[in-house]
Amino acid sequence: MNETSTNDEQQVTVAPPDTTMAMVVYGLYLAGFVVGFTPLIGVVIAYVYRGKGPHWLDEHYRYQIRTFWISLVYGIIAFVLSFIGIGLLLMVALAVWMIIRCVKGFKGLQERRPPHNLETWLV
């Protein structure tokens, strides 16, 4: 038996972390504009997958969880204020805010980095 092996043949490649579920969560948040309950599914997925990846990916799940809860608070405020008329404008602003946060999240996932300004209530 003539077995020869080189270091090149024994190199181990490390697969990059799977960002599929984080992308699904952002997609579910955006789908919430059409089907209202999908953000709830997205936040459950974010809670389940949080802490199971590299730090930058865990920061995305944290960002997604914060986005859900902050949007819920903003949505309740906008609903209450809709009785005096200003709430409809706030709902439009909330939709724009949610789209911006999801797009920023998608971009961060593609670049394999955590989202910027994780602690902010704004964009």
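Quantities reported herein were computed from a predicted structural model and do not represent experimental measurements. For the single chain, residues carry numbers from 1 onward in sequence order.
- Here Glu119 pairs with Arg62 under the side chain to side chain donor-acceptor pair (under 3.5 Å) rule; sequence neighbours left out.
- Every side-chain contact (heavy atoms from CB on, under 4.5 Å) that Leu122 has, sequence neighbours left out, goes to Thr120.
- With sequence neighbours excluded, the residues that form a side-chain contact (heavy atoms from CB on, under 4.5 Å) with Val35 are Phe37, Thr38.
- Side chains of Met98 and Ser71 form a contact here, defined as non-hydrogen atoms less than 4.5 Å apart.
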Requested in this report: In sequence, state the C-alpha distance, the side-chain angles, and the governing distance for Thr19 and Arg112, and then conclude on side-chain contact (heavy atoms from CB on, under 4.5 Å).
Outcome: CA-CA 9 Å; Thr19 60; Arg112 300 206 183 283; 3.3 Å; yes

Only pairs under 3.5 Å count here: list side-chain donor-acceptor contacts from residues 43-53, not counting sequence neighbours, and write none if there are none.
{"from": "Tyr47", "atom 1": "OH", "to": "Trp69", "atom 2": "NE1", "distance (Å)": "3.0"}
{"from": "Lys52", "atom 1": "NZ", "to": "Val48", "atom 2": "O", "distance (Å)": "2.8"}

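- Across Leu28, Val25, Val24, a single residue satisfies side chain to side chain contact (heavy atoms under 4.5 Å, CB included) together with Ile41, and that is Leu28.
- Note that the CE atom of Met91 and the CD1 atom of Ile77 stand 11.5 Å from one another [nearest 0.5 Å].
- Among residues two or more places apart in sequence or in another chain, the side chain to side chain donor-acceptor pair (under 3.5 Å) test is passed with Trp121 by none.
- Of all the heavy atoms in Gly32 and Pro39, the pair that sits closest is CA-CD, 3.6 Å.
- A donor-acceptor pair is defined here as one N or O able to donate and one able to accept, closer than 3.5 Å; such a pair exists between the side chain of Arg66 and the backbone of Leu118.
- Gln64 approaches Ala22 most closely through the heavy-atom pair NE2-O, 2.8 Å.
- Expressed to the nearest 0.5 Å, how far NE2 of His60 lies from CG of Leu109 amounts to 4.0 Å.
- Note: Leu72 CG to Leu40 CG = 9.5 Å, rounded to the nearest 0.5 Å.
- Counting only residues at least two apart or on different chains, the ring-ring contact (aromatic ring centres under 6.0 Å, His included) pairs with a member in residues 77-120 are Tyr26-Phe106, Tyr74-Trp97, Phe79-Phe83.
- Once rounded to the nearest 0.5 Å, the distance linking NZ of Lys104 with CD1 of Ile99 reads 14.5 Å.
- For the atom pair CG of Leu94 and CD1 of Ile76, the computed distance is 11.0 Å after rounding to the nearest 0.5 Å.
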